[in-house]
There are 2 protein chains.
Amino acid sequence: MPVSAASLARFAGLLADRSRASMCLALLDGRAWTAGELARHAGVARSTASEHLTVLVGAGVLTERRQGRARYVELAGPEVAAALEDLGALAGERERPTSLRTVRADARLAEARTCYDHLAGRLGVAVLGSLAARGLLDTTAGLAVTPAGRRWFAEVCGPAPSGSRPPVRACLDWTERRPHLGGALGAALLRTALEERWVMPVPGLPRALAVTPEGALALTGPAAVAG
Amino acid sequence: MPVSAASLARFAGLLADRSRASMCLALLDGRAWTAGELARHAGVARSTASEHLTVLVGAGVLTERRQGRARYVELAGPEVAAALEDLGALAGERERPTSLRTVRADARLAEARTCYDHLAGRLGVAVLGSLAARGLLDTTAGLAVTPAGRRWFAEVCGPAPSGSRPPVRACLDWTERRPHLGGALGAALLRTALEERWVMPVPGLPRALAVTPEGALALTGPAAVAG
DNA sequence: GCCGGTGTTCGGCGGGGACCGAACCGTCGG
DNA sequence: CCGACGGTTCGGTCCCCGCCGAACACCGGC
């Protein structure tokens, strides 16, 4: 017995609005946003945004956290982020960069950025390739961790996270159109990379990352530094 | 540069209508339907269905084939089917069976059925488990084919299909709530199973399959026949 | 050529929902 | 206590779009 058409339609309807879609895409950076920020981002009145957020939270797409007078919302979980990414990949059409300012920002984001809670951009794709070349991941069919890879992740990121989230996930990169490493281990790797200063957030450019020399060595190996 | 909110919203809007969702879900059986059949299935006038189909074909979700006076439509490809399945899994809510007739049909479908172009139901889940137990698939992290598995698939299904479609894909089963085997090899396995008479279509119940004794042996091994 | 069946086009109706502004409520800070 | 600020509620407007029926176009068969 499949999903009912009604519930599928209702669910798709959540994203079938420009403002709500805009908010969800913004939240793909993995951070919590306030209602006002999202209103400004989507270009609608605060009242309108408030109603949209109530809908999305009610449907379980977002979770909220009240803090003083602020209402913070974020994506309800990695599954939601994954669904958004996949749907976005299928939707296909891209925004066209317009000003020089945005072109520069886009270039930084294309180089290295976060994708929800893992690495993306040229760096993210290179990391996946490097891990595969080093025999730590198996990409011959689907994506899986090799025994050597399990040891490596345990050594670098600490004990493997448990839970229902798949350890590795091939996440289609929006700029590279090739997969990068998502899943629980992808998230753990980003956490380690930030702690170890392999990558640093770029001030004023929320999702962008700057790669340090040590980071290039640790993440992609001695040879594969340049994109 | 992410997908634009507008294009994501537009795409989601395609499924955000009860009638269109109903048609797409019907088409998940992998067959081509005529416009009239889909109109009846969705419970709308032929004229309405015609408009919906024009929209879906125009957006690339469906492809059409004119044949005489009939207009056949089907899903544009496995990616679309996969996206529908994932979205449906996330949407969650299920239809409630209503009459005895449908309960019986549901029971057959829960036992063994096709899911677009591969095996599903208790059988599908059992096949995945059996292949993993025999060391032909690796499920410890994600889903991947082992070297032994590659040899087995080549022997049983012929040369491995090439192309961009991922060889194996964990497809969440609607009735079992556990993954079964999708992807190119999943499709090849169903093709073989039909050719070898391991499973037979059930007359009058489109997606249902009956498992033959040889099929149970070949697909799930000597021990794991009963559900 | 006529007829039945299938699909499409068009006009018109109706409902849902996205949006805003104004008023209001809470919280924080002086 | 008051003002500033973030968020919410409510009425009201507007428009989009899903739906139908009627008329029409097309194909196939007798």
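Residue numbers begin at 1 in each chain, while the letters A, B, ... track the order of the sequences. Computed from a predicted structure; not experimentally measured.
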Check your understanding: Mapping A:R20 and B:S47 to their closest nucleotides on DNA chain C, which lands nearer the 5' end?
Key -> B:S47

Practice item. Anything under 4.0 Å to a heavy atom of chain A counts; send over the first and last such nucleotide of DNA chain D, read 5' to 3'. Key: D:dA4 to D:dC10

Check your understanding: For the side chain to side chain contact (heavy atoms under 4.5 Å, CB included) test, which of B:L56, B:D117, B:L27 pairs with B:L75?
Key -> B:L27

**Study point:** side chain to side chain contact (heavy atoms under 4.5 Å, CB included) involving B:T192 - partner list, sequence neighbours excluded
**Key:** B:V156, B:C157, B:E196, B:W198

Practice item. Heavy atoms only: give me the nearest B:G60-B:A76 pair and the separation to one decimal. Key: O-CB, 3.2 Å

Check your understanding: Is there a donor-acceptor pair under 3.5 Å between the side chain of A:R20 and the backbone N or O of A:G13?
Key -> yes

Review point. Residues from residues 38-46 of chain A sitting under 4.0 Å of DNA chain C, heavy atoms only?
Key: A:V44, A:A45

Practice item. State, yes or no, whether a side-chain contact exists between B:L219 and B:L119 at a heavy-atom distance under 4.5 Å. Key: yes

Review point. Looking only at side chains, do A:S50 and A:S47 share a donor and an acceptor under 3.5 Å apart?
Key: no

Exercise for review: Considering only heavy atoms of chain A and a distance under 4.0 Å, specify the first and last nucleotide of DNA chain C in 5' to 3' order that meet this criterion.
Suggested key: C:dA18 to C:dC28

Practice item. Can you pull out how bent the helix from C:dG1-D:dC30 to C:dG30-D:dC1 is, comparing the axes over its first five and last five pairs, to 10°? Key: 20°

**Study point:** Parallel, tilted or perpendicular, as decided by the 30° and 60° cut-offs, for the rings of B:H41 and B:W33
**Key:** perpendicular

**Study point:** Interatomic spacing from CG in B:L28 to CD in B:E85 - rounded to 0.5 Å
**Key:** 5.5 Å

**Study point:** Atom pair CZ/CG of A:R122 and A:L109 - distance to nearest 0.5 Å
**Key:** 11.0 Å

**Study point:** Heavy-atom pair of closest approach, residues A:A49 and A:A35
**Key:** CB-O, 4.2 Å

Point to revise | Atom pair CG (B:L38) and CE (B:M23), whose distance is rounded to the nearest 0.5 Å | key: 5.5 Å

Review point. Is there a residue in residues 53-65 of chain A whose heavy atoms reach under 4.0 Å of DNA chain C, and which residues are they?
Key: none

Review point. Out of curiosity, B:H118 NE2 to B:L185 CG, how far, rounded to the nearest 0.5 Å?
Key: 12.5 Å

Check your understanding: Where is the tightest heavy-atom contact between A:A6 and B:R18, given as atom of each residue plus distance?
Key -> CB-NH1, 3.2 Å

Point to revise | Point-to-point distance, once rounded to the nearest 0.5 Å, from CG of B:L128 to CG of B:L181 | key: 6.0 Å

Practice item. Tell me, with the steps shown, if A:S22 and A:S19 meet side-chain hydrogen bond (donor to acceptor under 3.5 Å, both in side chains). Key: CA-CA 5 Å; A:S22 169; A:S19 303; over 6 Å; no

